[in-house]
Participant: 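Here it is: the structure, laid out below.
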Amino acid sequence: MALTVRDRDDPASAVREHRGRYRRILRFAAWHLATTWWFELLLPRVGLGRISARTRSRRMQNFARRFHDLAIDLGGLMIKVGQFLSSRLDVLPPEITKELEGLQDEVPPVAFPRIAALAAQELGAPVGRVFAAVDESAIAAASLGQAHRARLNPLDAEDTGLEAVVVKVQRPGIGAIVDVDLAALRKVAGWLSHVRLVSRRADMPALVEEFAQISLQEIDYLHEAVNAERFAADFAGDARVAVPDVVWERTTRRVLTLEDVTAIKITDAGALRAAGIDPASVAPVFASIMFDQLFTNGFFHADPHPGNIFVTPAPAGAGERGWKLTFIDFGMMGEVTASTRSGLRKLLIAAAARDGKGLVAAINDVGVLMPSADGAGLERAMSQLFARFGGMGFAELREVDPREFRDFAVEFGDVVRSLPFQLPENFLLIIRAMSLTSGVCSALDERFNLWDSVEPYAAQLLRTERGNVVQDVARQALDAAATAFRLPGRLDALAGRLEAGSLEVAVPRLERQAARLERAARRSGSALVFGALLVAGAIVRADDLVFGNVLMTVSSFPLLHALWAGRRGR
């Protein structure tokens, strides 16, 4: 395996290995792209589409199985690519996602002497002097780095208040391997950008650049340490969440030292029950915390797999719940812009309300659908999906006749696949986070119904959004009223200064000022009416949807008048 090769003094040998790795990735991609072109494009054009359809499922399974083997053999970023593919349930068939869903970022650990040598180089002294003790057996080994338990020396322990820590060390040579993998992925993305079937649905080079940025940040442990502290600040005072402290004195770009917070793995049902914790009670808390990150904080853990979350029992009398969730590994984090977060909130509210039309509108707001898309078919599909399957939990969905899913897929699959989707920045991470959240919750409780967590959360978001709208409009209406109230006095004062001859100003400037005041007078009345109707509509809408919508719609007329009056006077 390329990841186990020792650093060599011979640069030419390393170059040959990297070239071999690069070519192997490209050969794999080229072969499967050619196979797909042959079966999916050429054969249907010559009337042999039945052959393509009959072998499609088997071909996809073979592709996924071979990619799985390639990723395990090469390690590096290939495992990360496979994990992303496994989470793309929206665009990839189950033959691929199911085969890759078990792809774990676990590889044989690097021998401890090599890890110790790299750590000593980074920390400026042998690990035996830096730490009181280091366990040579790795507690976790991944494609980018591995972790060892250790104890701080007495002086550091006194300064930090910690003794037991975990030291995370980057794999030797991983930086060069990441560069090679990214170069290969960029090449494949360039090929795909010339395939119209792919390019009209996604900007592959842009997606690879986003993946590259995420990957490069993940091997910068200073960046991960900053992420950990920011995440802790977001949940400061929240009794549900714990985050390990960073030992900055023993942290560099390639070595990260954290408080040892090892506890019960979140999906270890037996250990949870032994600690007196009902696994089913953990699922809704975990879902709520992830929703807070995505829809409220805008900064979220993008890799919440079971190995990165512990359930930590609290001391007796420490709280009514008796446990908290401890997050680790902040190398892969995502940020949601304010506009995207607003769109995601609308999407969540529409999903909770089983509102197909609202869901499509929210998808448009988020920017997932390109402007040229005709959402009517998608709206119809979502409405029927909610009507039949909305509100079902995982256990209930498993009891549904598979033929119903198949019929639904046949009816609307082509509609969904034909729409020109695009993925906004960071959306890969959002999809990954929600996919892993769903998987963890269903593992904790097979009867867990995500709607039970979504609906109260969406209701709270709806109240918050309505309150924000009312406050903003009310503030604007008050500002307009204040301007209108002060306007007569300002005009009288201006006239008085003109009569007294005390106004020292150029005539063009006076004319412009007078024109602005006149326009403000014309606009203020319309603005007040607009604000009143919109506020009334927003309040009434909670109890009378139709009448509230009418009021809010009618408010657009005085708004247009205000805007028109302002433009006409320019």
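Values below: every heavy atom of this structure, side chains too, minus hydrogens, waters and symmetry copies. Since we're looking at a predicted model, the values are computed, not measured.
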Participant: Do Val440 and Phe286 have side chains that approach each other closer than 4.5 Å (heavy atoms only, starting at C-beta)?
Facilitator: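 Side-chain contact under 4.5 Å: yes.
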Participant: Using modelled atom types and a 3.5 Å cut-off, is there a donor and acceptor pairing between side-chain atoms of His68 and backbone atoms of Gly82?
Facilitator: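 No: the side chain of His68 does not pair with the backbone of Gly82.
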Participant: What is the distance from atom CZ of Phe300 to atom CD1 of Ile289, rounded to the nearest 0.5 Å?
Facilitator: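 Answer rounded to 0.5 Å: 16.0 Å.
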Participant: How about Asn227 and Arg230: does a side-chain donor come under 3.5 Å of a side-chain acceptor?
Facilitator: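 Absent: no donor and acceptor within the cut-off.
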Participant: Is there a side-chain contact (heavy atoms from CB on, under 4.5 Å) between Gln61 and Glu99? Walk through the geometry before answering.
Facilitator: CA-CA 7 Å; Gln61 287 176 345; Glu99 183 69 33; 5.6 Å; no
Participant: Under 4.5 Å between any side-chain heavy atoms of Ile277 and Val311, yes or no?
Facilitator: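 Sidechains of Val311 and Ile277: in contact.
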Participant: Please report the interatomic distance CD1(Ile328) to CD1(Ile309), rounded to the nearest 0.5 Å.
Facilitator: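 So the gap between those two atoms works out to 9.0 Å.
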Participant: I'd like to know whether Met333 forms a side-chain contact (heavy atoms from CB on, under 4.5 Å) with His223, so could you lay out the CA-CA distance, the side-chain angles of the two residues, the decisive distance to 0.1 Å, and finally the verdict.
Facilitator: CA-CA 10 Å; Met333 304 294 291; His223 189 267; over 6 Å; no
Participant: Do the side chains of Asp278 and Arg273 get nearer than 4.5 Å, heavy atoms only?
Facilitator: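 When only atoms from C-beta onward are counted, Asp278 and Arg273 do not touch, as no gap falls below 4.5 Å.
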Participant: Step by step, work out the side-chain contact (heavy atoms from CB on, under 4.5 Å) result for Asp303 and His305.
Facilitator: CA-CA 6 Å; Asp303 197 22; His305 66 73; 3.3 Å; yes
Participant: Does the side-chain contact (heavy atoms from CB on, under 4.5 Å) test come out yes or no for Arg250 and Val255, once each step is laid out?
Facilitator: CA-CA 8 Å; Arg250 299 293 176 244; Val255 175; over 6 Å; no
Participant: Using the test side-chain hydrogen bond (donor to acceptor under 3.5 Å, both in side chains), find all partners of His148 that sit at least two apart in sequence or belong to another chain.
Facilitator: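 Result, side-chain hydrogen bond (donor to acceptor under 3.5 Å, both in side chains) vs His148: Gln146.
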Participant: Counting N and O atoms only, with roles assigned by atom type, does the side chain of Ser438 sit under 3.5 Å from a partner on the main chain of Ser435, one being a donor and the other an acceptor?
Facilitator: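 Flag not set: sc Ser438 to bb Ser435 has no pair under 3.5 Å.
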Participant: Taking the side chain from Arg171 and the backbone from Ala142, do they hold a donor-acceptor pair closer than 3.5 Å?
Facilitator: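 Checking the backbone N and O of Ala142 against the side chain of Arg171, a donor-acceptor pair under 3.5 Å is found.
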Participant: Measuring only between side-chain heavy atoms, which start at C-beta, is Leu162 closer than 4.5 Å to Val247?
Facilitator: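 Leu162 vs Val247: side chains touch.
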Participant: Is there side-chain contact between Phe28 and Arg66, with heavy atoms separated by less than 4.5 Å?
Facilitator: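 In contact.
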Participant: What pair of heavy atoms forms the shortest contact from Ala225 to Thr251, and how long is it?
Facilitator: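 Nearest heavy atoms, Ala225 then Thr251: CB-CG2, 4.4 Å.
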Participant: With no hydrogens and no angle check, is any side-chain donor or acceptor of Thr312 less than 3.5 Å from a backbone partner on Leu325?
Facilitator: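 Checked: no pair found.
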Participant: Does Asp329 pair with Lys168 as a salt bridge, N-O distance under 4.0 Å?
Facilitator: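 Answer for the salt bridge query: yes.
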Participant: Measuring from atom CG of Leu222 to atom CD of Gln217, what distance do you get when rounded to the nearest 0.5 angstrom?
Facilitator: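 The distance works out to 12.5 Å.
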Participant: Between atom CZ of Arg58 and atom CZ of Arg65, what is the distance when rounded to the nearest 0.5 Å?
Facilitator: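 Rounded to the nearest 0.5 Å, the CZ-CZ separation comes out at 10.5 Å.
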Participant: Evaluate Glu40 against Arg59 for salt bridge (Lys or Arg N to Asp or Glu O under 4.0 Å), listing each step before the verdict.
Facilitator: CA-CA 11 Å; Glu40 301 298 333; Arg59 283 186 286 109; 2.9 Å; yes
Participant: Name all residues meeting the side-chain hydrogen bond (donor to acceptor under 3.5 Å, both in side chains) criterion together with Arg240; count only those two or more places apart in sequence or in a different chain, and write none if there are none.
Facilitator: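 Arg240 satisfies side-chain hydrogen bond (donor to acceptor under 3.5 Å, both in side chains) with Asp238, Ser288, Asp292 only.
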Participant: About how many Å separate CG of Leu100 and CD1 of Ile79, when rounded to the nearest 0.5 Å?
Facilitator: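 If I round to the nearest 0.5 Å, the distance is 11.5 Å.
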Participant: So which heavy atom on Leu429 is nearest to which on Gly334, and how close?
Facilitator: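 Closest pair (atom of Leu429, atom of Gly334, distance): CD1-CA, 3.8 Å.
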Participant: Quick one: closest heavy-atom pair of Cys441 and Ala283, and the distance?
Facilitator: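 That closest heavy-atom pairing would be SG-O, 3.6 Å.
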Participant: So, applying side-chain contact (heavy atoms from CB on, under 4.5 Å) with Ile115, which one of Val167, Val134, Val169 is it?
Facilitator: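 When side-chain contact (heavy atoms from CB on, under 4.5 Å) is applied between Ile115 and each of Val167, Val134, Val169, only Val169 qualifies.
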Participant: On the 0 to 90° scale, with breaks at 30° and 60°, tag the Phe231-Phe327 ring pair as parallel, tilted or perpendicular.
Facilitator: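 Phe231 and Phe327: tilted rings.
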Participant: I need the Glu218 CD to Lys80 NZ distance, nearest 0.5 Å.
Facilitator: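 Going from the CD atom of Glu218 to the NZ atom of Lys80 covers 4.0 Å.
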Participant: A side-chain contact here means heavy atoms from C-beta on lying under 4.5 Å apart; do Thr160 and Val165 qualify?
Facilitator: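 No. Closest side-chain heavy atoms not under 4.5 Å.
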Participant: Do you know which two heavy atoms are closest between Met434 and Leu294, and how far apart they sit?
Facilitator: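 Minimum heavy-atom separation between Met434 and Leu294: SD-CD1, 2.9 Å.
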Participant: Specify the closest pair of heavy atoms between Leu144 and Tyr221, including all atoms of both residues, with the distance to one decimal.
Facilitator: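 Smallest interatomic distance, heavy atoms only, reads O-OH, 4.1 Å.
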Participant: So, for Gly75 and Asp181, which heavy atoms are closest and what is the spacing to 0.1 Å?
Facilitator: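 Closest approach of Gly75 to Asp181, heavy atoms only: O-OD2, 4.3 Å.
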Participant: Ser215 versus Ile219: any side-chain heavy-atom pair under 4.5 Å?
Facilitator: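 The answer is no, as the side chains (C-beta and beyond) never meet within the 4.5 Å cut-off.
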Participant: Could you tell me whether the side chain of Thr326 reaches within less than 4.5 Å of the side chain of Val243, counting heavy atoms only?
Facilitator: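 No, every pair of side-chain atoms sits at 4.5 Å or beyond.
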